[in-house]
Protein chains: 2
Amino acid sequence: MATIKEVAKYAGVSVATVSRALNKNGYVSEEAQKKVENAIKALEYYPNEVARSLYQKKSKMIGLLLPDISNPYFPLLMKGIEENARENGYSVIFGNVEEGSELGQDYMTLFGQQNVAGVLSAVEGTWSQKHAMPIVMLDRVLEEDDYAVYTNDIKGGILAAQAIMDREPGKVLIIAGPKSVPGSIDRLIGMLSVLNPTDVEYEIYQTQSFTIDEAEEAAQNIFRKYKKVDSVLASNDLFALAIMKEAQKRGLRIPQDIQVIGYDDIPFSRLVYPGLTTISQPAFKLGYEASDLLIRLIGKNKIDKKRIKLDPDLIIRGSLRDK
Amino acid sequence: MATIKEVAKYAGVSVATVSRALNKNGYVSEEAQKKVENAIKALEYYPNEVARSLYQKKSKMIGLLLPDISNPYFPLLMKGIEENARENGYSVIFGNVEEGSELGQDYMTLFGQQNVAGVLSAVEGTWSQKHAMPIVMLDRVLEEDDYAVYTNDIKGGILAAQAIMDREPGKVLIIAGPKSVPGSIDRLIGMLSVLNPTDVEYEIYQTQSFTIDEAEEAAQNIFRKYKKVDSVLASNDLFALAIMKEAQKRGLRIPQDIQVIGYDDIPFSRLVYPGLTTISQPAFKLGYEASDLLIRLIGKNKIDKKRIKLDPDLIIRGSLRDK
DNA sequence: TAACAATGTGTAACCGATTACACGTTTATA
DNA sequence: TATAAACGTGTAATCGGTTACACATTGTTA
């Protein structure tokens with residue numbers, strides 16, 4: 001790899017001039033600019049980002065922490081982040097951090113050592129005043145987070161519950177997500193705000209995590225525990241899919257015997273029969289917007305919004321009865 | 001963030017001694033070692049990786065290029081990579097690169113500018129002698145790749161075809177993956193090596209990509225084009241799931257009327273009814289091993305194997321008939 | 001035309017680590 | 001006891017950029 005010194009020598013100017021030509025700041029004569037550009041082309045020069053980052057104390061990298069990439073919601077998020085970051089000339093250092101592990105802090109330290117310009121995190125307890133870089137919380141957001149991008153989960157809960165209410169609910173089972181995830185609580189609040197004013201019978205099944213293993217187990221428990229359920233309001237597509245599978249295994253027809261609505265709109269919801277009706281979280285957009293907010297923060301351009309709330313949508317497929 | 005200079009001053013020694021104490025090379029008296037350790041603790045010092053990387057011309061980062069993280073096979077791969085890299089003190093810079101786009105080269109240049117220690121890539125045409133760092137190809141591997149970690153797809157194809165042959169195949173439809181992906185070809189070779197010696201009737205449907213959109217479209221085409229199919233050998237779970245969905249939509253029973261086998265064992269294959277029988281690619285392990293190989297390459301410890309081939313497994317669920 | 005601003009360029013300091021080299025002290029060996 | 005080897009430490013060069021500062025030249029304004 002060529003260095004700036006070699007470029008300077010080849011162009012017959014000083015390194016300072018090369019640097020100024022490169023970054024288009026300071027005064028550079030047209031002639032010098034040309035000479036430098038030629039030299040750069042001739043030597044296939046690309047500036048060393050590490051050296052830059054050392055002086056600037058800030059690299060062109062952002063850190064990303066996600067709780068579980070094998071959950072299909074997160075790859076979409078990630079794709080949005082990566083795309084926006086790339087468009088802005090940033091690259092992404094990725095860390096997979098189990099919910100609740102102290103790995104999050106380790107990664108934050110590492111990010112500090114790497115001079116990352118900022119951090120995007122969907123893992124709780126990541127933030128700390130120790131680390132100076134700006135941080136935008138994603139998806140799983142707390143009241144006290146200054147910068148955050150997330151979905152309006154109350155609205156999502158309302159949409160889901162209304163979809164059920166519109167379609168002869170019968171006896172309803174709500175599968176509530178882990179209490180530790182703020183979004184789950186909002187979804188539940190939204191759902192209850194629709195159900196409570198009516199005289200619909202409902203019960204709540206509380207889950208501990210968002211893993212497939214627990215989803216399968218829960219589905220079995222549920223059919224054992226609740227003999228008669230007409231409608232299932234799941235706060236997560238994985239649980240909804242597991243319920244559908246278990247129902248079909250037991251010979252129940254969907255949606256005639258039992259109707260199901262999910263939450264997330266992971267890509268697979270389209271690939272089952274009947275298609276899973278669900279609440280679509282704009283995962284890609286969420287990631288894209290979050291990266292955008294972070295990069296604006298990094299550039300210290302005044303931020304218009306500190307917390308960006310995106311609206312979810314109802315996606316109707318075959319797992320609900322007709323209106 | 002404290003610097004090595006501050007640590008040196010606090011400990012009452014020179015920066016050289018601090019550095020030697022830190023990296024445990026060169027001579028350091030016990031006394032000095034203690035003083036340095038105390039200073040480090042007191043000042044919460046963490047060495048700046050950027051400065052290190054500048055001098056060493058090699059950072060503690062590896063680059064990762066994947067063709068499409070929204071394909072659920074890749075997040076598992078990624079998880080394995082991240083875990084191994086972290087255990088070895090490396091972090092991962094991630095790039096999502098559409099198959100065939102020239103973004104791959106851009107990322108390789110970027111990786112060079114960032115002094116990454118090595119690259120893991122599942123995207124073709126990434127390698128080039130221009131970039132000096134070691135590169136390990138993943139999953140989609142060509143003959144000429146020096147370092148590679150991949151699944152024995154011929155064996156996978158054989159396993160899949162045998163599973164069908166053992167269960168009254170009837171008329172078989174093979175859904176072959178894109179010809180541009182070397183693995184698809186191997187899968188097909190494996191399948192045909194089982195089917196050809198028999199007198200089973202089969203046809204091949206050729207697909208162009210691995211996207212969900214194409215999978216859905218293909219499933220519809222297939223049922224329109226081939227009136228009678230008893231067994232489907234898909235080279236990808238997405239296509240298998242799409243076929244199952246379309247079959248069920250048309251009132252066919254699985255596996256009685258049509259049996260289906262997939263390839264990949266993505267997490268969702270468990271979550272449909274009936275469960276999708278499939279060939280399991282050890283995605284996590286693949287990623288883990290690939291990262292391990294790369295890091296050994298970086299350390300220039302002599303490499304025992306240049307190409308690591310992992311064996312796939314047959315995972316039996318409900319989508320095949322009983323033997 | 002004197003005074004000052006704008007333009008253009010190079011030298012050297014700086015970012016925060018690692019390490020070659022020089023030098024002094026202690027220990028081992030002949 | 002002379003001499004080499006091992007030990008311990010500090011100074012300064014280095015990695016490859018950016019930029020403060022000094023200085024020269026040209027253009028503008030009173």
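The chains referred to below are lettered A, B, ... by the order of the sequence lines, with proteins before strands, and numbering in each begins at 1.
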Inset, instruction - Mind listing the closest non-hydrogen atom pair of A:Leu120 and A:Leu294 along with its distance? - result: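 That closest heavy-atom pairing would be CG-CD2, 3.7 Å.
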
Inset, instruction - Work out how much the helix from C:dT1-D:dA30 to C:dA30-D:dT1 bends between its end axes, five pairs an end, to the nearest 10 degrees. - result: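 So the angle between the two local helix axes works out to 40°.
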
Take atom [atom1] of [X] and atom [atom2] of [N], then tell me their distance rounded to the nearest Å.
{"X": "A:Gln56", "N": "D:dG16", "atom1": "CD", "atom2": "P", "value": "17 Å"}
{"X": "A:Gln114", "N": "C:dG16", "atom1": "CD", "atom2": "P", "value": "15 Å"}
{"X": "B:Glu49", "N": "C:dG16", "atom1": "CD", "atom2": "P", "value": "14 Å"}
{"X": "B:Lys24", "N": "D:dC7", "atom1": "NZ", "atom2": "C1'", "value": "17 Å"}
{"X": "A:Glu30", "N": "C:dA6", "atom1": "CD", "atom2": "P", "value": "20 Å"}
{"X": "B:Glu31", "N": "D:dG8", "atom1": "CD", "atom2": "P", "value": "11 Å"}
{"X": "B:Asn48", "N": "D:dC15", "atom1": "CG", "atom2": "P", "value": "18 Å"}
{"X": "A:Arg20", "N": "D:dA20", "atom1": "CZ", "atom2": "C1'", "value": "10 Å"}

What's the closest nucleotide to the side chain of [X] if the choices are [options]?
{"X": "A:Ser29", "options": "D:dA12, C:dG8, D:dG16", "result": "C:dG8"}
{"X": "A:Ile4", "options": "D:dT9, C:dT18, D:dT18", "result": "D:dT18"}
{"X": "B:Pro47", "options": "D:dT11, C:dA17, D:dA20", "result": "C:dA17"}
{"X": "B:Ala16", "options": "D:dG17, D:dT18, D:dT11", "result": "D:dT11"}
{"X": "B:Arg52", "options": "D:dG8, C:dT18, C:dG10", "result": "C:dT18"}
{"X": "A:Asn23", "options": "C:dC15, C:dT9, D:dT18", "result": "D:dT18"}
{"X": "A:Tyr27", "options": "C:dG16, C:dT9, D:dG10", "result": "C:dT9"}

Between the side chains of [X] and [Y], does any donor sit under 3.5 Å from an acceptor?
{"X": "A:Glu87", "Y": "A:Tyr288", "answer": "yes"}
{"X": "A:Asp213", "Y": "A:Thr211", "answer": "no"}
{"X": "A:Asn96", "Y": "B:Glu82", "answer": "no"}

Inset, instruction - Select base, sugar-phosphate, or nothing to describe what A:Val50 touches, counting heavy atoms under 4.0 Å on all strands. - result: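 Nothing, no heavy atom under 4.0 Å.
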
Inset, instruction - Could you give me the CA-CA distance, side-chain angles and deciding distance for B:Gln113 and A:Arg52, then say whether side chain to side chain contact (heavy atoms under 4.5 Å, CB included) is met? - result: CA-CA 10 Å; B:Gln113 294 180 272; A:Arg52 272 190 174 161; 5.5 Å; no

Inset, instruction - Flag the pair A:Phe74 / B:Pro75 as yes when at least one side-chain heavy-atom distance between them is below 4.5 Å, and no otherwise. - result: no

Legend entry - Side chain to side chain, B:Leu64 and B:Leu138, heavy atoms closer than 4.5 Å: yes

Legend entry - Under 4.0 angstrom between B:Asn25 side-chain N/O and C:dT19 OP1 or OP2: yes

Inset, instruction - Kindly say if B:Lys58 contacts the phosphate of D:dC15, meaning a side-chain N or O under 4.0 Å from OP1 or OP2. - result: no

Legend entry - Residue met sooner reading DNA chain C from 5', once A:Thr17 and B:Thr3 are mapped to nucleotides: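 Result of the comparison: A:Thr17.
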
Inset, instruction - Decide, yes or no, whether a salt bridge links B:Arg307 with B:Asp145 under the criterion of side-chain N to carboxylate O below 4.0 Å. - result: no

